[in-house]
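Reviewing the structure listed below.
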Number of protein chains: 2
Amino acid sequence: MPTPRIRPSGRGRTDGPALSAAAILDAALEVAEREGPGALTVRRLGLELGVDPTAFYRHFRDKDELVLALGDRIIAMTLEKIEPVDDWRATLRSIAGAAYAMNRRYPAIASVTFARVTGGVAEREIVEMLLSTIARAGLPPAETVLYYRAIADATLSLTGQAAAFENLEPSLRAKDEAAWSQIYGALPEADYPAIRAHARELAEVRETQVFDAVITAVIDAIDARAAAYRAGGDEHD
Amino acid sequence: MPTPRIRPSGRGRTDGPALSAAAILDAALEVAEREGPGALTVRRLGLELGVDPTAFYRHFRDKDELVLALGDRIIAMTLEKIEPVDDWRATLRSIAGAAYAMNRRYPAIASVTFARVTGGVAEREIVEMLLSTIARAGLPPAETVLYYRAIADATLSLTGQAAAFENLEPSLRAKDEAAWSQIYGALPEADYPAIRAHARELAEVRETQVFDAVITAVIDAIDARAAAYRAGGDEHD
DNA sequence: ACCTGAACACCGTTCAAGT
DNA sequence: ACCTGAACACCGTTCAAGT
């Protein structure tokens, strides 16, 4: 059970501010991972840090600013996990995989940042890395950007979807999870032949397999376009 | 300006219940499209229908039940727009495109249902349609299901992402939108050469192009796998 | 049988007041 | 300069009371 950090009562003004943006970020990241999105409230953060809830507003303009800063922290942690290699395909896989893993570790944050631009330094770095990696495939600028967005948006949106699901109340999540066997496994074969023919497989696919399939499809698409350009730049499929 | 429907004051008991689940769904769909996610509250629905807010609970167990019913309504409207054709690729495109368009029309609902299983009749029908369409490509059951999920999750998650973005307060949306030209267009070329080399293209890509690129990539992946199986069922790349 | 309205336990945020 | 605490305008939901 977490005890709120009580600062020493003898603290004088020489100790500096009781609170800092960095301390709030640390607490927010920890409480979000530990207790989910319901705990990521301004009031709860105050409790966690042993200060009045509204002290928060001296360090962030509003909750959105906090959320974007947290999003950039997640990207920063993602960058630490990436292993750039010679092969651009393997590098793309590493970036997408690292982002997927980190966002799933912090679903409470991922579910609110997956449709946002953080504007932070980590975001700039990962965008630069993705763009320069895709550029190595040899596509013209417009297509490099199109497939950068395809990889980035597919990664962010699929992890956002997984995160939103994980953030559900346990009872709702269990209900949705059971639907594939409960509802879809019991449908009349006359009306739903394809569903019945695939009932077992439907209940068994894993979210990560789906993610891999989509990312692989996009990487293969880049490969195919690059091959077409190598065969002759005027071949627009 | 919408006037709340005031029922005639002379209404007697022969008129039946003042409220019905269908009337609530109609009002919710309309208010969600017209005014966005901030308006999709139990209190607001009561106002819109001219009844006490809590009358809602006589027709739905909780707000989640309403949200799932709305999600199924969107799927039902999507089904009406789909044109099944001979070519399974074109049919998949039609389904994905119709779902994308309908979810973007109701971002307030899409942003909360994109990670859910509605369990409704429309959902079953669209799952059956997708599965039977992909099965026509000639993949074994496990891969049919894998690519069904790839198409379905890519469609839902990308529209969920777009919906979440559209649901932002106008000021936040404008800030995020401007980031590509404001922040990413002004980064030092020494540190961010790839971003600077693609600045214009980054500001110009459209969300629908990205969606098309991802869906096309997945359909091409199905095609490639099907071709491999036609060439000899034992070829697992 | 159905609707009402007070109430509960929450949110994010503002602002005057304290030290 | 920084933190506090009352207050405002909201949420979803419960429950006893009305008709």
Side-chain angles (χ1 to χ4, degrees), chain A residues 4-24 27-28 31-32 35-70 108-109 111-112 167-169 171-172, chain B residues 4-24 27-28 31-32 35-70 108-109 111-112 167-169 171-172:
Chain A
R5 303 177 206 171
I6 305 292
R7 289 180 318 290
S9 52
R11 157 177 80 92
R13 33 168 52 203
T14 53
D15 288 347
L19 214 52
S20 68
I24 292 172
V31 85
E35 299 186 40
L40 200 57
T41 72
V42 174
R43 279 174 168 84
R44 178 60 196 274
L45 253 22
L47 207 76
E48 201 78 14
L49 291 160
V51 299
D52 188 272
T54 64
F56 167 86
Y57 290 93
R58 215 135 304 277
H59 303 275
F60 292 92
R61 185 177 17 213
D62 52 27
K63 199 185 170 184
D64 190 67
E65 194 172 283
L66 171 69
V67 157
L68 292 185
L70 290 170
I109 296 162
S111 64
V112 285
N167 288 340
L168 291 176
E169 282 173 44
S171 65
L172 293 180
Chain B
R5 302 177 210 171
I6 306 293
R7 288 180 320 290
S9 52
R11 158 176 80 92
R13 31 171 53 204
T14 53
D15 288 346
L19 213 53
S20 69
I24 292 172
V31 85
E35 298 185 41
L40 201 58
T41 73
V42 174
R43 279 175 169 83
R44 178 60 195 274
L45 253 24
L47 207 76
E48 201 76 16
L49 291 159
V51 297
D52 189 272
T54 64
F56 167 86
Y57 289 93
R58 215 136 306 276
H59 303 274
F60 291 92
R61 185 180 17 217
D62 51 26
K63 199 185 168 181
D64 191 68
E65 195 172 282
L66 171 69
V67 157
L68 292 185
L70 290 170
I109 296 162
S111 64
V112 286
N167 288 340
L168 291 177
E169 281 173 46
S171 65
L172 293 181

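Chain letters run A, B, ... following the sequence lines, proteins first, then strands; residues in each count from 1.
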Query raised in the report: Quick one: is His59(A) getting a side-chain N or O under 4.0 Å of the dC3(D) phosphate, OP1 or OP2?
Result: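 True: His59(A) side-chain N/O within range (under 4.0 Å) of dC3(D) OP1/OP2.
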Query - Where Arg44(B) and Glu35(B) come nearest, the two heavy atoms and their spacing - result: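 Nearest heavy atoms, Arg44(B) then Glu35(B): NH2-OE2, 2.8 Å.
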Query - Minimum-distance pair of heavy atoms, taken over all atoms of Glu65(B) and Phe60(B) - result: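 Shortest heavy-atom contact: OE2-CA, 3.5 Å.
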Query - Runs of at least three Watson-Crick or G-U pairs with DNA chain C, cut-off 3.5 Å - result: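 In DNA chain C, stems of three or more pairs: C:4-8 with D:12-16, C:12-16 with D:4-8.
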Query raised in the report: Reading nucleotides 6-15 of chain C from the 5' end, what letters show protein touch, with B for base, S for backbone sugar-phosphate only, - for no heavy atom under 4.0 Å?
Result: BB---BBBB-
Query - Any side-chain heavy-atom pair of Leu45(A) and Val51(A) under 4.5 Å - result: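 No, every pair of side-chain atoms sits at 4.5 Å or beyond.
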Requested in this report: Could you tell me whether the side chain of Leu49(B) reaches within less than 4.5 Å of the side chain of Ile24(B), counting heavy atoms only?
Outcome: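 Ile24(B) reaches Leu49(B) side chain to side chain.
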Report task. Please report the C-alpha distance between Leu19(A) and Arg58(A) in whole Å, then the side-chain angles of each, then the deciding distance to 0.1 Å, and finally whether the side chain to side chain contact (heavy atoms under 4.5 Å, CB included) criterion is met. Result -> CA-CA 9 Å; Leu19(A) 214 52; Arg58(A) 215 135 304 277; over 6 Å; no
Query raised in the report: salt bridge (Lys or Arg N to Asp or Glu O under 4.0 Å) with Glu169(A): which residues, sequence neighbours excluded?
Result: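 Salt bridge (Lys or Arg N to Asp or Glu O under 4.0 Å) check on Glu169(A) returns nothing, list empty.
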Query - Separation of dC2(D) P from Phe60(A) CZ (nearest whole Å) - result: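 In whole Å, dC2(D) P lies 14 Å from Phe60(A) CZ.
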Query raised in the report: Short question: side chain of Asp64(A), backbone of Val67(A) - any donor-acceptor pair under 3.5 Å?
Result: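 No, because the side chain of Asp64(A) does not come within donor-acceptor range (under 3.5 Å) of the backbone of Val67(A).
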Requested in this report: Could you please spell out the steps behind the side chain to side chain contact (heavy atoms under 4.5 Å, CB included) verdict for Val42(B) and Tyr57(B)?
Outcome: CA-CA 9 Å; Val42(B) 174; Tyr57(B) 289 93; 4.0 Å; yes
